[in-house]
Colleague: 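This is the structure, below, for whatever I ask next.
Proteins get letters first, then strands, A, B, ... in listed order; numbering begins at 1 in each.
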Amino acid sequence: GAVVSQHPSWVICKSGTSVKIECRSLDFQATTMFWYRQFPKQSLMLMATSNEGSKATYEQGVEKDKFLINHASLTLSTLTVTSAHPEDSSFYICSARGDKDTQYFGPGTRLTVL
Amino acid sequence: GENVEQHPSTLSVQEGDSAVIKCTYSDSASNYFPWYKQELGKRPQLIIDIRSNVGEKKDQRIAVTLNKTAKHFSLHITETQPEDSAVYFCAATSSGTYKYIFGTGTRLKVLA
């Protein structure tokens, strides 16, 4: 139980284009999902908290107009990186909150912006 | 602000030896402390967790201890095996939210 999927697993795009990443909880409903970014050999940095049916809460320093988050259902949250630039290249990981406080992580999406 | 410090950043042990990773948190209201294992390019996997009303928890070769007074918690792995090699992250909940504050990670290498 508590499986989270993420799609795509990797994506390469040109600078200036937008990329959408999907995060799904497959066998449970998640009112809260989280989006993280992880650079090589570094820890997970929380970008935003996504709540079903309401606006996402962004961490300090994260541009909400650049990283658009939509949590339209209890099993799906999406992150759209708009006007991507090479510095946005990173490993993006989502998590879904299950029972109580435990977060279950997706497999991650490796974004490369050329 | 809220902070979680993790030590050491790297740890090498011989197969069969024990490994200990320590974390310190700053928010006295944190009440949930999970530990995740992450292999290269993979998702973090929950390996054990502890809540603030418990001082110790064990699951086979893995144990976690919590000292609320000192705001310390530690991961103990006994009888280490090569497949234990990975990066381990501790985390603490942020007061009043479900957010995690992650430690900086420990790269564990188990030498055969």
Colleague: Is it the case that one hydrophobic cluster holds both A:Leu111 and A:Ile93, taking links as side-chain heavy atoms less than 4.5 Å apart, direct or via other members?
Modeller: no
Colleague: Could you list every donor-acceptor pair linking chain B to chain A (distance under 3.5 Å, backbone and side chains)?
Modeller:
unit_1, atom_1, unit_2, atom_2, d
B:Tyr32, OH, A:Thr102, OG1, 2.8
B:Tyr36, OH, A:Gln103, O, 2.6
B:Gln38, OE1, A:Gln38, NE2, 2.9
B:Gln38, NE2, A:Gln38, OE1, 3.0
B:Arg43, NH1, A:Val4, O, 2.9
B:Arg43, NH1, A:Phe105, O, 2.9
B:Arg51, NH1, A:Asp101, OD2, 2.8
B:Tyr98, O, A:Gln103, NE2, 3.1
B:Lys99, NZ, A:Glu59, OE1, 3.4
B:Lys99, NZ, A:Glu59, OE2, 2.9
B:Tyr100, OH, A:Asp101, O, 2.8
B:Tyr100, OH, A:Gln103, N, 2.8
B:Gly103, O, A:Ser43, OG, 2.6

Colleague: Side chain, backbone, both or neither: which part of B:Pro44 has an atom under 4.5 Å from a heavy atom of chain A?
Modeller: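 Its backbone and side chain both get close to chain A.
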Colleague: In the hydrophobic clustering that connects Ile, Leu, Val, Met, Phe, Trp and Tyr at side-chain heavy-atom distances below 4.5 Å, which members other than A:Met45 occupy its cluster, ordered by chain and number?
Modeller: none
Colleague: Linking I/L/V/M/F/W/Y whenever any side-chain heavy atoms sit under 4.5 Å apart, do A:Ile69 and A:Val19 land together?
Modeller: yes
Colleague: Does anything in residues 71-82 of chain A form a salt bridge (charged side-chain N to carboxylate O under 4.0 Å, His left out)? List the pairs, not counting sequence neighbours.
Modeller: none
Colleague: Are there over 12 heavy-atom neighbours, none belonging to A:Leu114, within less than 6.0 Å of that residue's CG?
Modeller: yes
Colleague: At under 4.5 Å between heavy atoms, what parts of residues 60-79 of chain B are in contact with chain A? List them by residue number.
Modeller: none
Colleague: So what's closer than 4.5 Å to chain B heavy atoms on A:Leu44: side chain, backbone, both or neither?
Modeller: both
Colleague: If you group Ile, Leu, Val, Met, Phe, Trp and Tyr by side-chain heavy-atom gaps below 4.5 Å, do B:Leu46 and A:Phe105 land in one group?
Modeller: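 Shared cluster, yes.
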Colleague: Under 4.5 Å between side-chain heavy atoms, counting indirect links through other Ile/Leu/Val/Met/Phe/Trp/Tyr residues: same cluster for A:Val62 and A:Ile21 or not?
Modeller: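 Yes, A:Val62 and A:Ile21 fall within the same hydrophobic cluster.
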Colleague: Only pairs of heavy atoms separated by less than 4.5 Å count here; which of A:Gly106, A:Gly108, A:Pro40 has the most with chain B?
Modeller: A:Gly106
Colleague: Find out if a path of hydrophobic residues (ILVMFWY) with successive side-chain heavy-atom gaps under 4.5 Å connects A:Leu74 to A:Leu26.
Modeller: no
